[in-house]
Amino acid sequence: MNRVDVREAVTRVHHEEWARVVAALTRRFGDLDIAEEAAAEAFATAVERWPADGVPPNPGAWLTITANRKAIDRIRRENKRDDKHREAQMTYDDPPEPVGAIDDDRLRLIFTCCHPALAMEARVALTLRMVGGLTVPEIARAFLVQGTTMEQRITRAKAKIKAARIPYRMPSADDLPARVSGVLAVLFLVFNEGYLASGPDTDPVRHDLTTEAIRLTRLIRALLPQDGEVAGLLALMLLTEARRTARISANGELVALDEQDRGAWDAGLIAEGHRLVRERLAAAAAGVAPGRYQILAAINAVHTSARDIRDTDWSQVLALYDQLVRLDPSPIIALNRAIAVAELDGPEVALAIVDRLAETLAGYHAYHATRADLLRRLGQSQQSRAAYDKAIELAGNTAETAYLSRRRDQLG
């Protein structure tokens, strides 16, 4: 195996084993700093040694043992572990952990990184670093901050975990649904930042972030296979990601759903997303009430089932939004529901619904973009232009700004 093949192997193993190694070390040493640094050193050692020695038969076990030794060396150098219990842990000949235990540790690591005591931005950064294995510069670039700022954010998050004695353990049965919901909120935020980047100084669609969010959601799905909302979020991400290549034109403009080339959609991702949605529909038929992500996935399944925008079953979309509004009566859900109302009952009825959201969504660009489109359809060009201007002012995504500008300029 040549050096290029080894580097590719290290990259693949990094994706597959990083969280497993960090989680095992966190369980053993109870310190995220030690776990992170030892894991990074183990992978650096692999880059040095595997070209000559070859990739080991069990790379994960090799990395875990190597990282354990690195951690023990660091602890001994810093003289941080003096008591007999800690010394008993620091042996070089421990057998590798069984895979099942490490999988449980990964879940504990995820719940620790997404603990509600941490600010959301800290949860996102810590999850991408400790679970996803992204470097600090990669995370900083993703969220348009300086590397030193992101480093400080991650350091403060780890310090808070230590100071607040946030436990490295599974939540209780009573707390589990809320804690899982918190984890999914972190992953959905990462996905949305990739799906439609909020900053003007980055690519409008960040495939690296959507891919990472999907990868981590697949991990949660593997660890919690019976959780319907995990399956729903994965389906939602897959059905959204399937449309990625059709969402931005060659000149960098957002392409609306009704203008997209559906032949360019990823059929494999759509098939997988539909399969997950059908699985959750079967559970709903058996009396298991669907959650927010499951309903959003079902809405996307309706859209991706239509061969043409004219074939969209808008009555089904509206029925799903009606169900979602009862579960999540947020103004953004109400705004999206109004778009379906416009297709069934006309733009005038929809505009009345949208206008009732003015106070709560005045600073939200999509509110003004939706109003602009409805006013356009009603022939109210002057009011539509003003709404487009406000949407353009508030939008940060360059592709979306280009799309809104073109729509506005078409008004003449």
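Values below: all heavy atoms of this structure, side chains included; hydrogens, waters and symmetry mates excluded. Note that the coordinates shown come from a computational prediction; the quantities given were computed from them, not determined experimentally.
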Give a yes or no on whether a salt bridge exists between [X] and [Y], defined as a side-chain N under 4.0 angstrom from a carboxylate O.
{"X": "Arg262", "Y": "Asp308", "result": "no"}
{"X": "Lys162", "Y": "Asp31", "result": "yes"}
{"X": "Arg221", "Y": "Asp227", "result": "no"}
{"X": "Arg215", "Y": "Glu16", "result": "no"}
{"X": "Arg179", "Y": "Asp175", "result": "no"}
{"X": "Glu17", "Y": "Arg20", "result": "yes"}

Using a 3.5 Å distance criterion without hydrogens, assess whether the side chain of [X] forms a donor-acceptor pair with backbone atoms of [Y].
{"X": "Glu138", "Y": "Thr135", "answer": "yes"}
{"X": "Asp373", "Y": "Ala369", "answer": "no"}
{"X": "Thr401", "Y": "Asn397", "answer": "yes"}

Check this for me: Arg406, atom CZ, are more than 12 non-hydrogen atoms of other residues, nucleotides or ligands nearer than 6.0 Å? yes

Is there a donor in the side chain of [X] and an acceptor in the side chain of [Y], or the other way round, less than 3.5 Å apart?
{"X": "Asn251", "Y": "Ser249", "value": "yes"}
{"X": "Arg123", "Y": "His115", "value": "no"}
{"X": "Asp313", "Y": "Ser315", "value": "yes"}
{"X": "Glu400", "Y": "His365", "value": "yes"}

Taking the side chain as C-beta and beyond, is there a heavy-atom pair between [X] and [Y] under 4.5 Å?
{"X": "Arg153", "Y": "Val145", "result": "yes"}
{"X": "Thr240", "Y": "Met237", "result": "no"}
{"X": "Thr127", "Y": "Ile110", "result": "no"}
{"X": "Leu107", "Y": "Leu219", "result": "no"}

Contact summary for Trp18 and Ala40, nearest pair of heavy atoms: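 Nearest pair, atom of Trp18 first, then Ala40: CZ3-N, 3.8 Å.
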
Heavy-atom nearest pair, Ala298 first then Val277, reads CA-CG1, 4.1 Å

May I ask you to check whether [Y] and [X] place their ring centres under 6.0 Å from each other?
{"X": "Phe188", "Y": "Tyr293", "answer": "yes"}
{"X": "His368", "Y": "Tyr388", "answer": "no"}
{"X": "Trp314", "Y": "His303", "answer": "yes"}

Using the salt bridge (charged side-chain N to carboxylate O under 4.0 Å, His left out) rule, collect all pairs that involve residues 32-44, keeping only residues at least two apart or in two chains.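 Qualifying pairs: Asp33-Lys158, Glu36-Arg129, Glu36-Lys158, Glu37-Arg74.
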
Should Arg371 and Asp355 be marked as a salt bridge (charged side-chain N to carboxylate O under 4.0 Å, His left out) after you check the CA-CA gap, both sets of side-chain angles, and the distance that decides it? CA-CA 8 Å; Arg371 281 195 80 247; Asp355 282 344; 2.8 Å; yes

